[in-house]
Amino acid sequence: MKIATWNVNSVAARLPRLTSWLADAQPDVVLIQETKSTDDRFPVGAIADAGYAAAHYGQGQWNGVAILSRVGVTDVQRGFGDDDPEARIIGATCGGVRVYSCYVPNGRSLDDPHYRYKLDWLGRLGELAAARSAGPFILGGDFNVAPTDLDCWDPASFVGATHVSEPERAAVRAIESTGLVDVIRELHPGEPAFSWWDYRGGAFHQNHGLRIDLLLVDEALGRRATAGYVDRDARKGDKPSDHAPVVAEFDAV
DNA sequence: ATGTCAAATGGTATTTGA
């Protein structure tokens with residue numbers, strides 16, 4: 001199985017890039033974030049033409065997550081099943097693997113109420129991971145957390161900012177402690193492997209990025225990983241997302 | 001001057017969020 005996670009920053013604005021990437025990369029499953037679409041407007045037709053079934057959980061202007069699959073999409077779960085008003089997580093079973101696409105709240109700043117919402121939300125994500133059934137499991141998405149300083153282009157300039165604070169990093173470690181492996185980091189322990197670069201200031205050109213898009217997989221699946229990488233080419237060219245797809249491949253899945 | 005994108009509103013620019 002070849003699976004990717006990609007924050008597309010509006011599925012409407014990114015549709016040409018998305019469909020050409022699907023044709024090029026030929027993933028089996030894609031976890032999408034920031035569709036900024038309602039379920040009504042989600043482009044199921046164009047995605048079906050590309051060969052993928054889709055499940056979407058959207059709210060409109062902000063947020064919105066989806067799962068695209070050419071190996072089936074069943075048992076779809078939208079949201080945590082609580083009163084969260086924001087469309088930030090969707091789960092489904094694809095090709096025998098339970099997959100979730102999540103869009104963790106940004107947090108804005110350490111003193112913003114949204115930061116508390118982010119920490120609470122990461123806690124609920126940890127509960128979901130802990131409560132999973134046995135079997136192949138992948139939790140991927142835009143975590144809006146750079147797990148270590150290696151995942152940040154300039155840790156000194158991020159002191160006091162979100163995405164690198166210790167409580168956020170501890171929350172990600174707590175999720176991993178349920179038995180999940182950060183597959184890109186496992187395969188490439190010393191490489192930054194950034195997945196996001198600000199649109200501003202030529203950040204991509206200077207590789208001023210963060211690794212905030214993660215694929216967390218159960219340990220048995222982690223042992224079957226044959227490749228894991230960031231598709232930086234998808235960040236180049238005309239009208240890119242500010243995130244690049246993060247891809248992993250597994251044997252015998 | 002972080003100075004760019006995307007969506008929505010309101011009005012052909014501004015606001016909000018990232």
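Only a predicted model underlies this, so the values are computations on that prediction, with no experimental measurement involved. So you know, we letter chains A, B, ... as the sequences are listed, proteins then strands, and number each from 1.
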- Query: Picking from A:D231, A:T5, A:L22, what satisfies side-chain contact (heavy atoms from CB on, under 4.5 Å) with A:P27?
  - Reply: A:L22
- Contacts of A:R173 that satisfy salt bridge (charged side-chain N to carboxylate O under 4.0 Å, His left out) - sequence neighbours left out: A:E166
- Task: Considering only atom P, compute the distance from B:dA1 to B:dG17 and round it to an integer number of Å.
- Result: 24 Å
- Message: Rounded to whole Å, how long is the line connecting atom CZ of A:R41 with atom C1' of B:dA6?
- Response: 13 Å
- Considering only atom P, compute the distance from B:dA7 to B:dT2 and round it to an integer number of Å. 25 Å
- Task: Starting at atom CH2 of A:W197, determine the distance to atom C1' of B:dC5, rounded to an integer number of angstrom.
- Result: 16 Å
What protein N or O atoms touch nucleotides 11-18 of chain B N or O atoms at under 3.5 angstrom, if any, and at what distances?
| residue | atom | partner | partner atom | Å |
| --- | --- | --- | --- | --- |
| B:dA18 | OP2 | A:R108 | NE | 2.7 |

- Item | NZ/NE/NH1/NH2 to OD/OE distance under 4.0 Å, A:D120 and A:R116 | yes
- Query: Can you check the A:D238 CG to B:dT4 P distance for me, whole Å?
  - Reply: 16 Å
- Spacing of A:R235 atom CZ relative to B:dT4 atom P, expressed in whole Å: 13 Å
- Message: Between B:dT16 and B:dG10, how far apart are the two P atoms, rounded to whole Å?
- Response: 12 Å
- Message: Can you classify the ring geometry of A:W197 versus A:F204 as parallel (below 30°), tilted (30 to 60°) or perpendicular (above 60°)?
- Response: perpendicular
- Query: Do any pairs count as a ring-ring contact (aromatic ring centres under 6.0 Å, His included) and have a residue in residues 57-81 of chain A, sequence neighbours left out, and if so which ones?
  - Reply: A:F80-A:W121
- Task: Using the P atom as the reference point in each nucleotide, state the distance between B:dG11 and B:dA6 in Å, no decimals.
- Result: 24 Å
- Item | More than 12 heavy atoms from other groups under 6.0 Å of CD on A:Q59 | yes
